[in-house]
Amino acid sequence: MSKKIIIEPFKIKTVEPLHIATEQEREQYLKNAFYNPFLLKSSQVTFDFLTDSGTSAMSSAQWAALIDADESYAGASSWEHLWQSIHDLTGYPYILPTHQGRAAERILYGYIGKPGKVFISNTHFDTTRANIEFSGATAIDCLIPEGSQPSLIYPFKGNMDIEKLEEIILQHKAENIGAVILTVTNNSGGGQPVSMKNARDVKRICSKYSILYILDCCRIAENAYFIKHREKEFEHHSYFDIAKEMFSFADGCIMSAKKDGLVNIGGFLALRDKKLADACTNLLIITEGFSTYGGLSGRDMEALAVGLKEVFAPGYLTYRIKSTTYLGEKISKKGVPILLPVGGHAVYIDAKALYPHIPVHEYPGQALVCELYKKGGIRSVEIGSVMFGKYDEQGKLIPSKMELVRMAIPRRVYTQSHIDYVAEIFDEIIADRNNVKGYKIIEEPEFLRHFTAKFQQL
Ligand SMILES: *Cc1c(COP(=O)(O)O)cnc(C)c1O
């Protein structure tokens with residue numbers, strides 16, 4: 001019965017040509033982009049694995065809903081559809097639509113955050129941390145130790161360290177904790193899942209100390225897949241019911257719908273508490289839009305209302321997770337060092353282990369990003385010392401803990417044969433690994449340098 005081959009659980013109605021350049025053309029494009037793939041044009045890229053955010057393909061049902069949208073300023077039927085869809089999933093009564101995840105973060109954390117407040121998360125995503133710190137508050141990561149060992153196989157490497165969580169609360173005093181934020185799956189920690197037991201344990205601690213408990217639920221459907229297949233208690237539950245149960249523990253959630261919402265733009269904040277929701281609604285109206293559309297058009301809301309249901313379809317989730325795992329395991333078998341086990345939305349390659357001859361100050365991750373583009377037209381992103389490196393007072397690089405390269409897989413965009421092709425490119429990457437040289441930065445901005453820095457090949 002069960003076949004090995006992974007098939008796309010959809011037929012294709014509209015197609016978009018794939019841009020395929022020659023290796024010589026790509027060499028030139030890369031040179032013109034100063035060896036920073038962020039500076040490439042998308043038309044120069046064949047497989048765009050820069051991010052899974054806002055890059056999903058919508059279904060025909062989503063496109064149909066979009067045509068039927070109601071663009072009324074207040075009380076649009078599209079808002080009713082979106083409200084119902086989010087309410088059915090989360091159970092929360094107060095729902096605030098926003099144009100994307102970080103707008104919801106700015107509203108909530110900007111309201112409850114201030115100097116002296118502390119926020120604790122398994123791992124704060126970068127916009128989450130930025131919004132918390134911008135309010136003057138402090139963001140502390142509290143991941144289980146297993147989560148930061150790249151090659152260790154462990155089923156829920158995204159879990160919060162419960163003992164440490166309680167220690168941090170006692171150390172800073174419960175009344176100073178702004179919120180505990182559980183990020184599912186743990187994006188900055190390699191897309192690793194969080195178990196239901198862990199979500200429950202976080203609830204126990206938050207109840208004990210009366211602390212606000214928020215789910216950062218961008219990838220809650222992907223997380224539900226891992227729970228069903230790795231946590232015995234849930235093997236007979238539906239993915240939707242697993243997600244619902246997780247929402248039941250928390251006091252609210254923030255979602256960037258550009259991930260598991262299966263849309264290109266959108267987000268929301270949902271809460272149980274009326275007083276908190278009222279205060280946030282005031283801020284929403286000042287900066288995003290009226291409370292029945294936030295920053296979204298009726299079209300966006302319709303597409304999201306449908307996407308939030310589609311993402312829990314067993315056929316879709318199986319294909320999604322298996323296809324990501326397949327790519328990771330296939331290149332791992334070829335000898336490419338990757339972060340294990342493979343997470344939900346991306347494959348992370350350990351560039352330091354792949355290119356041990358390139359010292360960290362010559363950016364092995366950037367070297368791999370460039371090789372992947374040159375050899376396969378693959379655009380990936382460096383998550384290492386280019387992104388997180390700092391300089392000491394002598395101007396010497398303080399490197400990042402790890403030198404990773406992320407290939408994030410857009411949802412429903414690439415087929416299994418595309419994935420097989422990408423895996424084949426790694427034969428060339430492996431064969432050529434000893435000839436690859438490092439890079440030096442020749443120009444960089446003060447903040448978020450990875451987006452615009454210029455490089456020179458050494
Ligand atoms: C993407 C993301 C966000 C921010 O959402 P945007 O829609 O990009 O503003 C917040 N948290 C996590 C875990 C994310 O992956």
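Atoms within each ligand, like the ligands themselves, are counted from 1 in listed order.
Listed by chain and residue number, A221, E222, Y225, Y239 satisfy the side-chain contact (heavy atoms from CB on, under 4.5 Å) test with L317 (two or more places apart in sequence, or in another chain). Not counting sequence neighbours, the partners of L397 by the side-chain contact (heavy atoms from CB on, under 4.5 Å) test are H361, Y363, S385, Y391, P399, R449.
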Tabulate below the donor-acceptor pairs under 3.5 Å that side-chain atoms of residues 168-180 make, not counting sequence neighbours, or state none.
residue: N176; atom: ND2; partner: H172; partner atom: O; Å: 2.9

For ligand 1, what N or O to protein N or O distances fall under 3.5 Å?
residue: ligand 1; atom: 5 (O); partner: S256; partner atom: OG; Å: 3.3
residue: ligand 1; atom: 7 (O); partner: G101; partner atom: N; Å: 2.9
residue: ligand 1; atom: 7 (O); partner: S256; partner atom: OG; Å: 2.6
residue: ligand 1; atom: 8 (O); partner: Q100; partner atom: NE2; Å: 3.4
residue: ligand 1; atom: 8 (O); partner: R102; partner atom: NH2; Å: 3.0
residue: ligand 1; atom: 9 (O); partner: Q100; partner atom: NE2; Å: 2.9
residue: ligand 1; atom: 9 (O); partner: G101; partner atom: N; Å: 3.4
residue: ligand 1; atom: 9 (O); partner: R102; partner atom: N; Å: 2.8
residue: ligand 1; atom: 9 (O); partner: R102; partner atom: NE; Å: 2.7
residue: ligand 1; atom: 11 (N); partner: D216; partner atom: OD1; Å: 3.4
residue: ligand 1; atom: 11 (N); partner: D216; partner atom: OD2; Å: 2.8
residue: ligand 1; atom: 15 (O); partner: N187; partner atom: ND2; Å: 2.8
residue: ligand 1; atom: 15 (O); partner: R219; partner atom: NH1; Å: 2.9
residue: ligand 1; atom: 15 (O); partner: K259; partner atom: NZ; Å: 2.8

Legend entry - Working for side chain to side chain contact (heavy atoms under 4.5 Å, CB included), residues F268 and I86: CA-CA 9 Å; F268 59 86; I86 297 171; 3.5 Å; yes
Inset, instruction - Quick one: do F426 and I349 satisfy side chain to side chain contact (heavy atoms under 4.5 Å, CB included)? Show the steps, please. - result: CA-CA 11 Å; F426 280 87; I349 304 160; 3.6 Å; yes
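R272 places a side-chain N or O within donor-acceptor distance of the main-chain N or O of A250, the cut-off being under 3.5 Å.
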